[in-house]
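Each remark here refers to the structure printed beneath this line.
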Amino acid sequence: MHDIRALRADPAGFDAAMARRGLPPQSPALLALDEARRAAVTAAESAQARRNALSREIGAAMKRGDAEGAARLKAEVAALAAATADAEDVALEAALAALPNILDPEVPEGRDESANVVLHQHGTPRDLPGAKEHWELGEAMGLMDFEAAARLSGSRFVVLKGALARLERALGQWMLDLHVAEHGYEEVSPPVLVKRDALFGTNQLPKFEEDLFRTTGEHYLIPTAEVPLTNLLREQIIPEPAQPIRYTALTPCFRSEAGAAGRDTRGMLRQHQFSKVEMVSLCTPEQSDAEHERMTACAERVLTELGLSWRRVLLCAGDTGFGAARTHDLEVWLPGQKAWREISSCSNTRAFQARRMKARFRRGKENLFLHTLNGSGVAVGRALIAVMETHQQPDGSIAVPGVLRPFMRGQERIG
RNA sequence: GGACAGGUGGCGGAGUGGUCGAACGCGCCGGUCUCGAAAACCGGAGUGCCGGCAACGGCACCGUGGGUUCGAAUCCCACCCUGUCCGCCA
């Protein structure tokens with residue numbers, strides 16, 4: 001959500017920012033809506049002021065028993081036309097809420113992922129001769145069952161069993177512990193069903209409704225814990241935080257994958273349900289850039305400690321999500337698939353979401369919008385894939401990374 | 001799910017149609033007093049929007065949304081939420 005005052009102050013700058021998103025100039029239409037709205041507000045308020053004044057006079061007249069005067073005043077009020085600015089308010093709000101965030105100056109130009117920039121890399125993309133993909137390994141062990149899942153739930157679901165089920169659990173537990181014990185995040189166990197307002201706050205709604213699962217009632221299943229965690233401070237005014245407020249949660253995530261027909265249909269790379277450890281920070285504008293770097297580093301540490309090869313990618317203008325000013329994707333190398341695949345995405349949305357959800361902090365006499373950041377720390381399902389493919393042995397078994405063994409009762413090998 | 005009770009400012013709690021944005025108490029901020037503090041006393045203090053360079057003026061907000069009325073925190077309707085009891089249940 002954009003600040004109409006900022007737009008008023010610099011329409012050309014705003015249009016330039018939207019041009020980077022591939023959009024035509026927006027300010028003429030927005031300024032016209034704003035002008036219409038303000039004119040309507042001014043008219044409605046002065047009419048109301050007149051009405052209020054007359055009503056007070058009626059009260060005074062009746063108090064002194066002047067029924068005639070009161071009647072005359074009532075007639076005067078009745079002649080006033082009703083006026084509101086509701087329609088104009090809604091129109092401007094909707095127009096402002098439909099536009100993507102302004103990009104950070106460092107975000108490279110470009111239409112799609114081919115213009116993304118690799119910032120740095122850890123490890124090498126190993127070419128393991130005869131390496132198998134995760135689903136081959138999992139099915140061979142009898143611990144990863146897509147057919148059973150299809151019978152239960154349809155496509156894009158998986159059933160994990162035995163040591164693989166435990167490995168998934170170990171990954172989630174270990175990541176969560178790491179962020180809580182060593183990265184300063186507060187653990188949260190949030191609802192996974194939320195209302196529309198929360199989804200508007202983190203900008204899944206109204207634009208991306210088709211990506212969500214909806215209940216028969218008024219709830220939606222969260223597509224990421226970013227939604228409940230970020231909305232924890234919605235409609236709040238907190239004292240200025242000295243340090244960023246950091247939340248983390250391990251939750252299932254639900255995505256309809258409506259636009260992904262035919263993509264990644266094999267294996268568990270793209271599922272309707274997956275679990276993910278999410279990190280969310282809320283902080284002052286001055287803190288947010290450093291916090292973005294720090295958050296990304298927290299996710300990178302997860303990958304490094306799992307012994308994975310990864311790289312950090314700065315998304316280009318065309319690939320950066322609607323709500324983000326700047327996004328770092330982390331990609332892991334999958335030796336079986338022989339490809340880099342996204343496993344984490346860390347975004348600074350600056351005040352874009354905070355303005356939508358009215359999350360503020362007090363500085364002196366002013367109430368300012370917080371900055372909000374979110375990042376996967378990391379996607380558990382994809383981490384499972386990466387661990388399987390990276391640590392697969394010639395005999396088809398998988399070596400359990402050392403950091404996970406305490407969560408596996410010491411088990412060193414699966415399969 | 002059923003029956004009652006209730007949702008008012010940071011908190012507690014008045015207010016049942018006419019200067020009520022809201023008494024009072026607590027807490028909070030500033031000041032006086034004090035070597036300093038406490039106490040006492042004085043003063044201040046909600047959010048958003050519109051107009052204005054500003055001073056300041058105006059509009060809205062008493063769970064949410066409608067309605068009645070010249071006028072609603074107060075009356076009516078619907079919904080949401082909380083508490084208590086009953087039922088059911090991990």
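Naming: A, B, ... by sequence-line order, numbering from 1 per chain.
A side-chain N or O of A:Gln48 and one of A:Asn52 form a donor-acceptor pair less than 3.5 Å apart. Defined by atom type and a distance below 3.5 Å, a donor-acceptor pair is present between the side-chain atoms of A:Thr224 and A:Lys276.
With both ends at atom C1', the span from B:G9 to B:G46 equals 6 Å, rounded to whole Å. Nucleotides B:G12 and B:G67 place their P atoms 32 Å apart, quoted to the nearest Å. Only the C1' atoms considered, B:G52 is 35 Å distant from B:G66, to the nearest whole Å. Distance check on atom P: B:C20 versus B:G30 gives 30 Å, rounded to whole Å. A distance of about 24 Å separates the P atoms of B:C70 and B:A78, rounded to the whole Å. Comparing the C1' positions of B:C77 and B:U68 gives a spacing of 11 Å, expressed to the nearest Å. For the P atoms, the distance from B:A90 to B:G63 is 37 Å, rounded to whole Å. B:A73 and B:G13 have their C1' atoms separated by 14 Å, given to the nearest Å.
Pair check for B:A5 finds B:U82; Watson-Crick or G-U wobble, both atom distances under 3.5 Å. Figure legend. B:G18 is base-paired to B:C70; pairs are counted as Watson-Crick or G-U wobble with both atom distances under 3.5 Å. Nucleotide B:G52: unpaired (no Watson-Crick or G-U wobble partner with both distances less than 3.5 Å). Pairing for B:A90 is absent, judged as Watson-Crick or G-U wobble with the two contacts each under 3.5 Å. Base pairing analysis places B:C61 opposite B:G46; the two distances defining the Watson-Crick or G-U wobble pair are each below 3.5 Å. If you check B:A40 for Watson-Crick or wobble pairing at under 3.5 angstrom, you find it paired to B:U32. Across all strands shown, B:A23 forms no Watson-Crick or G-U wobble pair with both key distances under 3.5 Å.
Using a 4.0 Å cut-off between charged side-chain N and carboxylate O, A:Glu331 and A:Arg341 make no salt bridge.
Residue A:Arg72 is classed as having no contact, given no heavy-atom separation below 4.0 Å to the nucleic acid. Here A:Arg360 lies in heavy-atom contact (under 4.0 Å) with sugar-phosphate atoms only.
Atom CD in A:Glu235 sits about 15 Å away from atom P in B:G63, given to the nearest Å. The nearest whole Å value for the distance from the CZ atom in A:Phe369 to the P atom in B:G48 is 8 Å. Taking atom CZ of A:Arg50 as the reference point, atom C1' of B:A60 lies 20 Å away to the nearest angstrom. Atom CD1 in A:Ile4 sits roughly 14 Å away from atom C1' in B:C49 (whole-Å rounding). Between the C1' atom of B:G18 and the CZ atom of A:Arg64 lies a distance of 13 Å, rounded to the nearest Å. Rounded to an integer number of Å, the gap from A:Ile237 CD1 to B:G46 P is 11 Å. Remark: C1' of B:C59 and CZ of A:Arg38 are 16 Å apart, rounded to the nearest angstrom. Note: CG (A:Leu33) to P (B:C49) measures 18 Å, nearest angstrom.
Between A:Arg156 and A:Arg270, the closest side-chain pair of non-hydrogen atoms falls below 4.5 Å.
Comparing B:U47, B:G51, B:C49 against the side chain of A:Arg5 picks out B:C49 as the nearest. Closest to the side chain of A:Gln48, out of B:C49, B:G51, B:A60, is B:A60.
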Using a cutoff of under 3.5 Å, can you pull out all pairs of nitrogen or oxygen atoms linking the protein to nucleotides 66-71 of chain B, with atom names and distances?
from	atom 1	to	atom 2	distance (Å)
B:C70	O2'	A:Ser55	OG	2.8
B:G71	O4'	A:Ser55	OG	3.3

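Comparing A:Arg362 and A:Ala60, the nucleotide of RNA chain B nearest to each residue sits closer to the 5' end for A:Ala60.
Panel note: side chain A:Glu293, backbone A:Ala290; no donor-acceptor pair is recorded below 3.5 Å. The backbone N or O of A:His183 lies less than 3.5 Å from no partner atom in the side chain of A:Arg301, so there is not a single donor-acceptor pair.
Note that the CD atom of A:Glu240 and the CD1 atom of A:Ile237 stand 14.0 Å from one another [nearest 0.5 Å].
When the salt bridge (Lys or Arg N to Asp or Glu O under 4.0 Å) test is applied to A:Glu286, the partners found at least two apart in sequence or on another chain are A:Arg363.
Side-chain N/O atoms of A:Asn367 include one lying less than 4.0 angstrom from OP1 or OP2 on B:G48. At the phosphate of B:C50, OP1 or OP2 sits under 4.0 Å from a side-chain N or O atom of A:Arg37.
Annotation: cation-pi geometry satisfied between A:Arg356 and A:Phe200 (NZ/CZ under 6.0 angstrom from ring centroid, within 45° of ring axis).
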